[in-house]
Amino acid sequence: QVHLVESGGGLVQPGGSLELSCTASGSIFSINNMGWYRQAPGKERELVARISGGASEEYADSVKGRFTISRGAVQNKVYLQMSNLKAEDTSVYLCNVAGYSTNFRPFNSWGQGTQVTVSS
């Protein structure tokens with residue numbers, strides 16, 4: 001089993017900054033991709049940012065230039081630095097980690113989500 005725990009969400013004013021963190025634990029052999037998704041009420045889940053094992057980054061057009069994804073040195077953490085936040089960034093943000101477990105089976109795990117609210 002692979003478990004993900006997110007933290008760092010909260011209430012922030014427009015134009016403010018916030019950093020989300022995600023820690024993966026469990027029977028992990030290797031991690032191929034780590035990413036952040038968000039899902040607002042009435043909306044489909046969408047990719048915000050993703051980083052591969054080779055450090056290749058992918059961002060949604062709506063967050064390019066404002067958000068930065070990074071991985072921790074021990075490879076079991078992923079961060080999302082969010083700057084110049086807008087009201088439309090308000091959502092539940094979910095961490096996603098894909099890789100292989102110690103029994104060499106692929107996994108694709110999701111965190112419980114952390115709420116980000118951007119409001120005056």
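Summarising the geometry of Asn32 relative to Arg71, their closest heavy-atom pair is O-NH1, 4.5 Å, with the distance given to 0.1 Å. Taking both residues in full, the closest heavy atoms of Gln81 and Ser17 are given as NE2-CB, 4.0 Å, listed atom of the first, atom of the second, then distance. Scanning all heavy atoms of the two residues, the minimum distance from Ile28 to Ala24 falls at CD1-CB, 3.8 Å.
Using modelled atom types, one side-chain atom of Thr114 and one backbone atom of Gly9 make a donor-acceptor pair closer than 3.5 Å. At least one donor-acceptor pair closer than 3.5 Å links the side chain of Ser91 to the backbone N or O of Ala40. Looking only at distances, a side-chain donor or acceptor of Glu6 sits under 3.5 Å from a matching main-chain atom of Gln112. Distance alone, capped at 3.5 Å, places no donor-acceptor pair between the Glu58 side chain and the Arg50 backbone. A donor-acceptor distance shorter than 3.5 angstrom exists from the side chain of Tyr59 to the backbone of Ile69, with no hydrogens or angles considered.
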Evaluate ring pair (Phe, Tyr, Trp, His ring centres under 6.0 Å) for Phe104 paired with Phe29, printing each intermediate quantity in order. CA-CA 7 Å; Phe104 305 108; Phe29 177 76; 4.9 Å; yes
Please evaluate residues Ser21 and Ser7 with respect to the criterion side-chain hydrogen bond (donor to acceptor under 3.5 Å, both in side chains), reporting the C-alpha separation (whole Å), side-chain torsions for both, the decisive distance (0.1 Å), and the verdict. CA-CA 5 Å; Ser21 64; Ser7 64; 2.8 Å; yes
I'd like to know whether Thr90 forms a side chain to side chain contact (heavy atoms under 4.5 Å, CB included) with Val116, so could you lay out the CA-CA distance, the side-chain angles of the two residues, the decisive distance to 0.1 Å, and finally the verdict. CA-CA 5 Å; Thr90 296; Val116 172; 5.9 Å; no
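At least one side-chain heavy atom of Leu80 sits less than 4.5 Å from a side-chain heavy atom of Val48. Put simply, the side chain of Asn96 reaches to within 4.5 Å of the side chain of Asn108, judged on heavy atoms. No side-chain heavy atom of Leu85 sits less than 4.5 Å from a side-chain heavy atom of Gln13. Looking at Ser70 and Ile51, their side chains never come closer than 4.5 Å, going by heavy atoms from C-beta outward. For the pair Leu94/Arg45, a side-chain contact is recorded, criterion being any heavy-atom separation below 4.5 Å from C-beta on.
Checked for salt-bridge contact, Glu46 and Arg38 meet the test: a charged N lies under 4.0 Å from a carboxylate O. With respect to the salt-bridge test (charged N to carboxylate O, under 4.0 angstrom), the residues Lys86 and Asp89 do not qualify.
Hydrophobic clustering, with ILVMFWY side chains joined whenever heavy atoms are under 4.5 angstrom apart, keeps Val97 apart from Leu47. Hydrophobic cluster membership differs between Leu20 and Val92, with clusters built from Ile, Leu, Val, Met, Phe, Trp and Tyr side chains linked at under 4.5 angstrom. With hydrophobic clusters built from ILVMFWY side chains whose heavy atoms lie under 4.5 angstrom apart, Ile31 shares a cluster with Leu4. By the criterion of side-chain heavy atoms lying less than 4.5 angstrom apart, applied directly or through intervening Ile, Leu, Val, Met, Phe, Trp or Tyr residues, Met82 is grouped together with Val118 in one hydrophobic cluster.
Phe67 and Trp36 have their aromatic ring centers separated by at least 6.0 angstrom.
In this structure, OG in Ser25 is found 6.5 Å from NE2 in His3, a value given to the nearest 0.5 Å.
Of the candidates Phe107, Trp110, Tyr100, Phe107 is the only one forming a side chain to side chain contact (heavy atoms under 4.5 Å, CB included) with Val2.
In Glu88, the CD atom is crowded: over 12 heavy atoms of neighbouring residues, nucleotides or ligands sit closer than 6.0 Å.
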